[in-house]
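Only this structure's heavy atoms are used, side chains among them; waters, hydrogens and symmetry mates stay out. Every value quoted in this text rests on a predicted model; they were computed, and no experiment measured them. The chain is numbered in sequence order, starting from 1.
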Amino acid sequence: MWCKNFSKTSQWFARNTLKHYHITNNCASREIRKTGINRSYTTERPPRILITGGLGQLGTECAKLLRKNYGSENVILSDIIKPTEENLSNGPFIFADILDFKGLQKIVVNYRIDWLIHFSALLSAVGEQNVPLAVRVNIEGMHNVIELAKQYKLRIFIPSTIGAFGPDSPRNPTPNVTIQRPRTIYGVSKVHAELLGEYYHHRFGLDFRCLRFPGVISSDPPGGGTTDYAVAVFHEGLFAKKYECYLEPYTRLPMIYIEDCLSALFQFLNAPNEQLQRRVYNVTAMSFTPEELFNELKKHVPDLKISYKPDARQYIAESWPQVFDDSEARRDWGWRHKYNLEKLVESMIRDVKKNMSNKRSLKEVNSYV
């Protein structure tokens, strides 16, 4: 008798739940059409998103953008670093160690995660100084999150980089599919992530998405990347009126401003699967040399003194693309950038001055860890 009543109750619940789903889903679809946002996620609730390595260059700004679109409580920022009061006031923050698989499982289940954005990584220059740690964080940690995404059927985004290419790659331009063969552990780990993600997509149907970013320029202090001279010069040059560059003046590299970077990420995350001819795309906005950047900055800071003292990062840069070919991203899902060099410099001057109270010491800004 109990089983019969339970069965009837379950059937009634399922019918009403399904009815409610169709009503709310139709409402969500109408809202999406009204706002003009191209979202492939049209269920009765917005996606619940976990961001790992969230206190790095991209994490906090990415969280702001996603919270604006999906609600503050639906975007969970995580890291193993102690958050600031500002980080805590903007939305949920939790401790998450990407090397702890069971801990990650608990987070996904407890927070009902739908999308996972994986930013945790040691950057190029720092990785070369501690290869064993880079292997653990960049490779073992990536294995954990991609297996987690398969197990719980999450949409997963893992960024790649121009560092995924090497000296045997065509450099000007560098197409979407070509020989890679990087010579840094950072680059090797990114190629590994690209290939493993594509394998999981074809083998298990995982919704894996990856963008190869160029150097990302933002007002946050540099974090140990080879392209970070383009950030450090604003922090040091605006206030000390001098900067010593660790790359040669002629070293051309692809770059993108943070707002364009986040725009590409958001658009790509929401692109319908049928638009994606690949799971990994190049994206870029511009290419310039240190000399070209410094000359543009001198238009605003005429007394800026520049000197050059190349270090080990020069050898890394010389194996990377000079010009990125992102025509496939522009063709398949409509990627367009907004910032050129002139607009980038103007924005960086404004942003760095605004955030000057948070800048690091001059020695820390230009140190080679």
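Rounding to the nearest 0.5 angstrom, the gap separating the CZ atom in R209 from the CG atom in L211 is 10.0 Å. The line from CG of D100 to CD of Q105 is 9.0 Å long, rounded to the nearest 0.5 Å. Rounded to the nearest 0.5 angstrom, I217 CD1 and F234 CZ are separated by 7.0 Å. Interatomic distance, CD1 of I156 versus CD1 of I146, reported as 5.5 Å (0.5 Å rounding). Rounding to the nearest 0.5 angstrom, the gap separating the CG atom in L293 from the CG atom in L247 is 11.0 Å. A distance of 6.0 Å separates CD1 in I306 from NZ in K298, rounded to the nearest 0.5 Å.
Summarising the local packing, CZ of R336 is surrounded by more than 12 heavy atoms from other residues, nucleotides or ligands at distances under 6.0 Å. Other residues, nucleotides and ligands contribute at most 12 non-hydrogen atoms within 6.0 Å of the OH atom of Y315. No more than 12 heavy atoms of other residues, nucleotides or ligands lie within 6.0 Å of CD1 in I80, so this atom counts as exposed by the packing criterion. Around the NZ atom of K241, the shell of radius 6.0 Å holds more than 12 heavy atoms that belong to other residues, nucleotides or ligands. Around atom CZ of R181, no more than 12 heavy atoms belonging to other residues, nucleotides or ligands sit under 6.0 Å away.
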Pair E147, Y200 - check side chain to side chain donor-acceptor pair (under 3.5 Å), show working. CA-CA 9 Å; E147 180 62 29; Y200 268 61; 2.8 Å; yes
Kindly indicate, with the supporting measurements, whether the criterion side chain to side chain donor-acceptor pair (under 3.5 Å) is fulfilled by R330 and N282. CA-CA 10 Å; R330 295 173 187 271; N282 294 348; over 6 Å; no
Start with the C-alpha distance between T284 and H337, add both sets of side-chain angles, then the distance that settles side chain to side chain contact (heavy atoms under 4.5 Å, CB included), and finish with yes or no. CA-CA 8 Å; T284 191; H337 71 277; over 6 Å; no
Go through it in stages, so that I can follow the logic: the residues are E328 and R278, the test is salt bridge (charged side-chain N to carboxylate O under 4.0 Å, His left out), and I'd like the CA-CA distance, side-chain angles, deciding distance and then a yes or no. CA-CA 9 Å; E328 294 191 6; R278 303 191 181 282; 2.4 Å; yes
Please evaluate residues I49 and N74 with respect to the criterion side chain to side chain contact (heavy atoms under 4.5 Å, CB included), reporting the C-alpha separation (whole Å), side-chain torsions for both, the decisive distance (0.1 Å), and the verdict. CA-CA 6 Å; I49 306 167; N74 289 315; over 6 Å; no
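No donor-acceptor pair under 3.5 Å is formed between the side chain of R155 and the backbone N or O of D114. A donor-acceptor pair is defined here as one N or O able to donate and one able to accept, closer than 3.5 Å; no such pair exists between the side chain of E140 and the backbone of V137. Although no hydrogens or angles enter the test, the distance criterion places no donor-acceptor pair under 3.5 Å between the side chain of H192 and the main chain of N138. With hydrogens and angles ignored, the 3.5 Å screen pairs a side-chain donor or acceptor of N355 with a backbone N or O of D351. Side-chain atoms of S169 do not come within 3.5 Å of backbone N or O of R171 as any donor-acceptor pair. Of the possible polar contacts, none joining the D97 side chain to the D79 backbone as a donor-acceptor pair under 3.5 Å is found. A donor-acceptor pair under 3.5 Å is formed between the side chain of D260 and the backbone N or O of K338. Side chain of S89 to main chain of E86: a donor-acceptor pair is present (N/O by atom type, distance under 3.5 Å, no hydrogens or angles). A distance-only check finds a donor-acceptor pair linking the side chain of R252 to the backbone of S287 [under 3.5 Å]. With S347 contributing its side chain and K343 its backbone, the two residues share a donor-acceptor pair below 3.5 Å.
A cation-pi arrangement, defined by a distance under 6.0 Å to the six-membered ring centre and an angle within 45 degrees of its axis, is present between R313 and Y246.
L65 has its side chain out of reach of E61: every pair of non-hydrogen atoms, C-beta onward, lies at least 4.5 Å apart. F208 has its side chain out of reach of L196: every pair of non-hydrogen atoms, C-beta onward, lies at least 4.5 Å apart. Between P290 and Y229, the closest side-chain pair of non-hydrogen atoms falls below 4.5 Å. Between Y111 and I113 the shortest side-chain heavy-atom distance falls below 4.5 Å. The side-chain heavy atoms of L262 and F266, taken from C-beta on, include no pair separated by under 4.5 Å. Taking the side chain as every heavy atom from C-beta outward, E73 and P92 approach each other to under 4.5 Å. Side-chain contact between R212 and F165 is present, with at least one heavy-atom pair separated by less than 4.5 Å. For the pair R136 and L99, the minimum side-chain heavy-atom distance is below 4.5 Å.
The nearest pair of heavy atoms linking L55 to I81 is CD1-O, 3.5 Å. In plain terms, the two heavy atoms of V191 and A164 that are nearest each other are CG2-O, 3.3 Å. Across all non-hydrogen atoms, the minimal contact from L88 to P83 is CD2-CG, 3.6 Å. Minimum heavy-atom separation, I51 to C62: CD1-SG, 4.2 Å.
Hydrophobic clustering places I258 together with Y339 (ILVMFWY residues linked when any side-chain heavy atoms are closer than 4.5 Å, directly or through intermediates). Tracing side-chain contacts under 4.5 Å through hydrophobic residues (I, L, V, M, F, W, Y), one reaches Y70 starting from F119; they form part of the same cluster. Placement of I94 and Y152 within a single hydrophobic cluster is found when ILVMFWY residues are connected by side-chain heavy-atom separations under 4.5 Å, directly or transitively. Under the 4.5 Å side-chain heavy-atom criterion for grouping Ile, Leu, Val, Met, Phe, Trp and Tyr, I158 is connected to F101 within one hydrophobic cluster. By the criterion of side-chain heavy atoms lying less than 4.5 angstrom apart, applied directly or through intervening Ile, Leu, Val, Met, Phe, Trp or Tyr residues, L344 is grouped together with I349 in one hydrophobic cluster.
With sequence neighbours left out, the side chain to side chain donor-acceptor pair (under 3.5 Å) criterion links S218 to Q57. Legend: residues meeting side chain to side chain donor-acceptor pair (under 3.5 Å) with S160, ordered by chain and number and at least two apart, are E194.
Relative orientation of the Y308 and F294 rings is tilted, given thresholds of 30° and 60° on the angle between their planes. The aromatic rings of W333 and Y281 sit perpendicular, their planes meeting at an angle over 60°, well past the 30° parallel limit.
Counted by atom type alone, S78 and T52 present zero donor-acceptor pairs between their side chains at under 3.5 Å. Between the side chains of Q314 and T251, a donor-acceptor pair is found at a separation under 3.5 Å.
Between W115 and F157, the ring center distance fails the sub-6.0 Å criterion.
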